Amino acid sequence: MCGIVGYTGKSGVGKVLLKGLKRLEYRGYDSAGVAVVQNDGIYLQKKKGMIKDLEPITIPSGNTGIGHTRWATHGKPSDENAHPFKGCSGEFAIVHNGIIDNFITIKEELIEKGHEFSSETDSEILVHLIEEYHEGNLLQTMGEVIKKLRGSYAVCAVQRDSDRIVVARNQSPLVIGIGVEENLVASDIPAILDHTNEVKYLEDGDIAELTPSRIRIWDRKGVPVERETVEIDWTHEDAEKSGYEHYMLKEIYEQPKAIHDSLLGRLVEFDDVDFNSYDTRHIRLISCGTSYHAALVGKYIIEELAAIPCTTDLASEYRYSSPSDLTPFTILISQSGETADTIAAAREAKQRGCKTLAITNVMNSSITREVDEVIYTQAGPEIGVAATKTFTTQLIVLYLIAMELGLNNKRLLRENVQEYRDELRRLPRHVKVLLDQSDYIRDVCDKLVTAEDIFFVGRNINYPVALEGALKLKEIAYIHSAGYPAGELKHGPFALLTERTPVVSILVKDHTFEKMLGNIGEIAARGSPIISVGDEDRELEKLSDDMIVIPSVPPLFSPILVNVVLQLMAYHTARKRGCSIDKPRNLAKSVTVE
Ligand code: M6R
């Protein structure tokens, strides 16, 4: 989950590394550090805390260096456990992302040979292995070192008095940025966008060498290979806050564009995947966190529009489920495409003989190598740890898939699809209307700021939206909250309702509306403050303490609009509570450990 950046060139390595690391901080923020190559050694600066805690630092001038921002796995966050690591001689330095499964055995062997370790991390073995095997050529040494490793790694190594960066990857992302008289390497694209939009993605088993003027790559057999040069259409402005106080707020406000971009070229004909060539009698949707909530909404959408039964699984559970229930078509949803559990689930699904499709936001991310087909959401980079615009665009893709499947199996006629497409086309405008209500939503949040428990309730397609609203509030405002199907409260959680337990209720005018009104009445009778989000209704307004009305859309499309309101609620509540909105405690954007 850590962020890595490496630079070789003449643009002032210190600044490039610090800027790159700031762009990667969403990958982990419990410690950070940089190593800069000098003629007589390697300058190292590292510290527990965020990148800003490294500053002000005076990094000596130099042309080549590596940097790291950490999310602790082995060893607590501390100055000692921060990357980069230098070995005993001080000639080399490394940064690493991933987990070396057999590090204990290797560490014991190295200690026996006289190596002295300064940290509790698995990563530090890498620099000692380099020292142990080095016979004059860092590139060859890296080849020897990775033969010893079991586990996942993206590793970058530098050497005293050399402008080379030698890197290797296995199951952890690493991308090379091609510059002019400079080259870069990073775990993620945002770190290199200031310098270039041309990249090469490394494959598992690859080793590469970068100098300012040359990039060379070898595959796992040691054969020189050319990896395709890919042009990235993200800009460096996409990766900046652009005047917003937080990335999360910027990303919430980017949703009209993200929806528009994800629909672009897909509304007349959606031909990203030819579903006719797959057995889609039953569909399984697998993912984690917010992407799992998108899967849950997706189940309602596909069952409604295509009448195809869907099963949903959390990726971390699917892997251990019985393989007896064979579903021929499996959709994996992951914003980052790097979530370890979802990638493992993709492999498991293939193993079970399923056809697999990934919905992801990150081009060439690891999951794209594991599946038969990929559909990209076009949300642009999402830096805030809380997923917002990517959830919305995942739903957009699920609507498109469902319509295509509905057309294929004749559940839908062309004219129905046309109507739905028109609804999709109107969504950016509706979202803007809600964004304009941000100040009102902020005021409503006064009721949530001091609460210790909050319930989110909904029914049918808005039940998963209740789950998502509760997750967002937990994640960034640190308030315990639970999402429930409204009909379930009376089966237990009612015991928790008091006048200090606000309930956010989602009511849209579908076939559950009347039942929901009944449920809200029961909650109101227990004295809980009720904040309602949904379609305009007199009766509902009377029952609610506050009411946030969404633009009128068919209930099937309401999750996108309701969720925008819940995102703003979580944001404003977290802000009023003074929480670290973009980097909530203990979390990281992509969860690459199982
Ligand atoms: O990158 P992914 O979509 O696979 O990530 C899955 C979850 O880790 C992610 O959605 C997480 O729950 C979000 N931070 C929630 O806002």
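Numbering of ligands and ligand atoms starts at 1, following listing order. Just so you know, these numbers come straight off a predicted model, no measurement behind them. Atom set for the values below is all heavy atoms of this structure, side chains included, hydrogens, waters and symmetry mates excluded.
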Only one of Gln394, Glu475, Lys472 passes side chain to side chain donor-acceptor pair (under 3.5 Å) with Thr290, and that residue is Lys472
Review point. Has Tyr278 got more than 12 heavy atoms of other residues, nucleotides or ligands less than 6.0 Å from its OH?
Key: yes
Worksheet item: Should Glu475 be counted as touching ligand 1, given the test is an N or O pair under 3.5 Å?
Response: yes
Salt bridge (charged side-chain N to carboxylate O under 4.0 Å, His left out) test vs Asp206 passes for just one of Arg227, Lys200, Arg169, namely Arg227
Does any N or O of ligand 1 fall below 3.5 Å from an N or O anywhere on Val385, backbone included? yes
Near Ala386 (heavy-atom distance under 4.0 Å), the atoms of ligand 1 are 16 (O)
Note: ligand 1 atoms sitting under 4.0 Å from heavy atoms of Ser334 are 1 (O), 2 (P), 3 (O), 4 (O)
Next item on the list: Check whether any N or O atom of Ala387, backbone or side chain, sits under 3.5 Å from an N or O atom of ligand 1, and answer yes or no.
Entry: yes
- prompt: Are Thr356 and Glu370 linked by a side-chain donor-acceptor pair shorter than 3.5 Å?
  reply: no
Under 3.5 Å: N/O of Thr290 near N/O of ligand 1: yes
Counting from 1 in the order shown, the ligand 1 atoms closer than 4.0 Å to a non-hydrogen atom of Lys472 are 15 (C), 16 (O)
Atom 7 (C) of ligand 1 sits nearest the protein heavy atom Cys288 O, 3.8 Å
**Prompt:** Any Lys/Arg nitrogen of Arg319 or Glu348 sitting under 4.0 Å from an Asp/Glu carboxylate oxygen of the other?
**Reply:** no
Taking distance alone, no hydrogens or angles, what donor-acceptor pairs closer than 3.5 Å link side-chain atoms of residues 563-570 to residues at least two apart or in another chain?
from	atom 1	to	atom 2	distance (Å)
Gln567	OE1	Gln255	NE2	2.7
Gln567	NE2	Gln255	OE1	3.2
Gln567	NE2	Thr388	O	3.4

